[in-house]
Structure formats: structure tokens, C-alpha cells
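Here is the structure we will look at, set down as C-alpha cells.
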There are 2 protein chains.
Amino acid sequence: MSAENWLEQLHDNGYRVTGARRAVVDTMYGLTRALTPTEVHETARKKYRALGLVTVYRTLEKLEELRLIQRVHQPMGCQAFIPAGIGHQHLLLCKNCGEVVFFEGDDLDALTTAIAKKTGYKIEEHWLQLFGLCANCRE
Amino acid sequence: MSAENWLEQLHDNGYRVTGARRAVVDTMYGLTRALTPTEVHETARKKYRALGLVTVYRTLEKLEELRLIQRVHQPMGCQAFIPAGIGHQHLLLCKNCGEVVFFEGDDLDALTTAIAKKTGYKIEEHWLQLFGLCANCRE
DNA sequence: TACTTAATGAAAATGTTTTTCAATAACGAA
DNA sequence: TTCGTTATTGAAAAACATTTTCATTAAGTA
Ligand SMILES: [Mn+2]
Ligand SMILES: [Mn+2]
Ligand SMILES: [Zn+2]
Ligand SMILES: [Zn+2]
């Protein structure tokens, strides 16, 4: 997996590989901290000066559609994106520096079964997110 | 607990009880489905015609500050509000009709301990949200 | 190389939230 | 009850965020 592979995936899905898209992909690939569209624009413009914010929105949209990136929900806002986890994973975020770590292995079956029985709902999905301080930030 | 009690809490915290705030409180109190500021405005205006959207924003801000309402995060957007749960609770949402149910009793201690050890994070909070279909909406 | 057309950036449009401000009304003090 | 202070209000403007429009450009293919 590499930034080049993301571009291939764009290409394989009928999208053209342009300078603008390269800059956005290079910016997003490998990120461990979520960036908003504006932040992506600021960063990617260092690599491709003419880049328009509109193109950032359009490219993020396509990367999300291909499940290469995903939106991150936080108390402060829900517009930021990071590279997507593979399969069913959840996020752990550092409240101080914003670093994002994926984890898996949660087992919520017992819980969802119990809640389903109690409420009469058919439970289909869950969102689980942990917040804390990373090793660096917990002084 | 009643809408009147919410108004008392506003008053007890130094805020004045006005017609506009009554309309917003009456709209929010007892809701089982999250409403956006615009939806609150539309609904509350039936009770208080002159109500401005700005006042809705300002009142929701205060109700959130007093922890009488809380923001609901959903795939489609994160601007809607419902009456807040009491203490540590989580949400179960119907994907079809939007009905919201609180639940508690999740025990994530084993999980958070394991993740903390693995990642080196000090975990302080968690968000857990379930999505599904309510008894009415599952055909 | 040439052609087709997806992709682009600028500008305008749309939508949402915040700020400003003069008028109003809540409410404690008298 | 009346009065005075001042928090609250709605309208309008401003600030932001996102989407649409459109003429121009350039990616990919033949
Ligand atoms: Mn899970
Ligand atoms: Mn919990
Ligand atoms: Zn950190
Ligand atoms: Zn339902």
C-alpha cells in the first residue's frame, strides 16, 4: 500500500490521475492525524500551487467513496479526514495532539444482543471511539 | 422533570425566562428524535411566531451548556440535538425514523485496559453509539 | 499526434453559524 | 405596582463552509 497505489485505485475506477489529485493523495496518505478540507488544501498547495479548494473537496469525496479515507467525528467538529482503517476497526484519538490510532478486537455482541432484546431494535451497526492522551502527550 | 423545570434551571443560572426561550424549551423537552436548529426553529415558531433563528442557536447553546440537551452525531450530519441522557449513557438510533433511545450498562473496561496497554494511551472517554431499526420500522 | 471528455480553478450561489446593534422586555429593587 | 438596569431579542450583515456553474485545460486513449 502506498500513495501510488491510491492513485492506481483512482485510475482503475475510471478517474484520471492529475497533478491536483497527486497533491491531495500525497497529503492524505499515511496521515496519523485528521485534517479538514482547508488544512488539506493548505498542505497540498505546497506541492501543487494552483490547487483549488474545490478540487480538494472533490478529491476527498472520491477517496472517501473508494474507502481510502474516512471522516473523523470529534467533539470539536466532524469535517476532518484520515486514511481509512481496513475492515471493521475503531478509533482512539489523542485529545492533545490529535494523533489517531486504529484498534480492533472489541466484542460488543453480548451488549448489542442485550440492548436489542430490551429495546426491540434490530441493531445493525455501531460506532465506538476512544479518547485519551497518547504516550507523548501524557507528560 | 418537566419543561417548566428546564426553565427554572435557566432562571437559576441567571438566565431570563422569555417567550422565545419557552418556545424552544417546549420544543426540545421530551423529544425522542433529534432536531437541527432549523427544525427547532420551524417547530418552535408555531408557538412563538416572532422567534428568530438566531435565538434558537443561542438558546440551544445554553441548554447544551446546562447539559439539558446534547448534540447527536450521525452519518448524515452532526448538528441535531435531543434531550440529554442522565449520567453516563449511550445512544441507539433508528436509521429509518430517527428515534433515539438511551441505554447504559456497557462495560468497556476490559477493552479500554487492553487498548491502553497496547497503545500506551491513557484512555479518558469513549463514544459508543448503536444504529438499527426500531420495532416499528423493522417491517 | 489528435480527439474526446473528465477535471480544473474562478466565481457565483447556497447554506449555516456568528456578530453587530438598536429596540425591547424580564425581573429585582424600591 | 412601578421603575431602572441590563439581558435578550430579531433583523441585517458578516463570516464561514460547501456546492454549483462554466469556460478552459489537460489526461488518457486511439
Ligand atoms: Mn466494533
Ligand atoms: Mn460507556
Ligand atoms: Zn498526543
Ligand atoms: Zn424507527
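Below, all heavy atoms of this structure are taken into account, side chains as well, without hydrogens, waters or symmetry copies. Letters A, B, ... are given to chains in the order of the sequence lines, protein chains preceding strands, and every chain is numbered from 1.
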What is the distance, rounded to the nearest whole Å, between atom [atom1] of [X] and atom [atom2] of [N]?
X: B:Leu10; N: D:dA7; atom1: CG; atom2: P; answer: 16 Å
X: A:Arg49; N: C:dG9; atom1: CZ; atom2: P; answer: 14 Å
X: B:Arg71; N: C:dT16; atom1: CZ; atom2: P; answer: 14 Å
X: A:Leu60; N: D:dA17; atom1: CG; atom2: C1'; answer: 14 Å
X: A:Leu51; N: D:dA26; atom1: CG; atom2: C1'; answer: 16 Å
X: A:Asn13; N: C:dA6; atom1: CG; atom2: P; answer: 15 Å
X: A:Arg21; N: D:dA27; atom1: CZ; atom2: C1'; answer: 10 Å
X: B:His41; N: C:dT16; atom1: NE2; atom2: P; answer: 13 Å

Among residues 73-84 of chain A, which contact DNA chain C at a heavy-atom distance under 4.0 Å? none

Smallest separation among heavy atoms of [X] and [Y], with atom names:
X: A:Pro37; Y: A:Val56; value: O-CG1, 3.6 Å
X: B:Phe102; Y: B:Ala84; value: CZ-C, 3.9 Å
X: B:Leu92; Y: B:Phe131; value: CD1-N, 4.3 Å

Is a side-chain N or O of B:Arg21 found less than 3.5 angstrom from the main chain of B:Arg16, in a donor-acceptor match? yes

Aromatic plane relationship, A:His73 with B:His73 - under 30° parallel, 30 to 60° tilted, over 60° perpendicular: perpendicular

Where protein sits on nucleotides 18-30 of chain C, one letter per nucleotide: B base, S sugar-phosphate only, - none, heavy atoms under 4.0 Å: BBB----BBSS--

B:Pro37 or A:Thr59: which one's nearest nucleotide on DNA chain C is closer to the 5' end? A:Thr59

Less than 4.5 Å apart, side chain to side chain, heavy atoms only: is that true for A:Ile82 and A:Ile69? no

Is it the case that the ring center of B:His126 lies less than 6.0 angstrom away from the ring center of B:His88? yes

Short side-chain donor-acceptor distance under 3.5 Å, B:Asn13 and B:Gln9: no

According to the salt bridge (Lys or Arg N to Asp or Glu O under 4.0 Å) rule, which pairs have a member within residues 116-131 of chain B, sequence neighbours left out? A:Lys95-B:Glu124, A:Lys95-B:Glu125, B:Lys122-B:Glu124

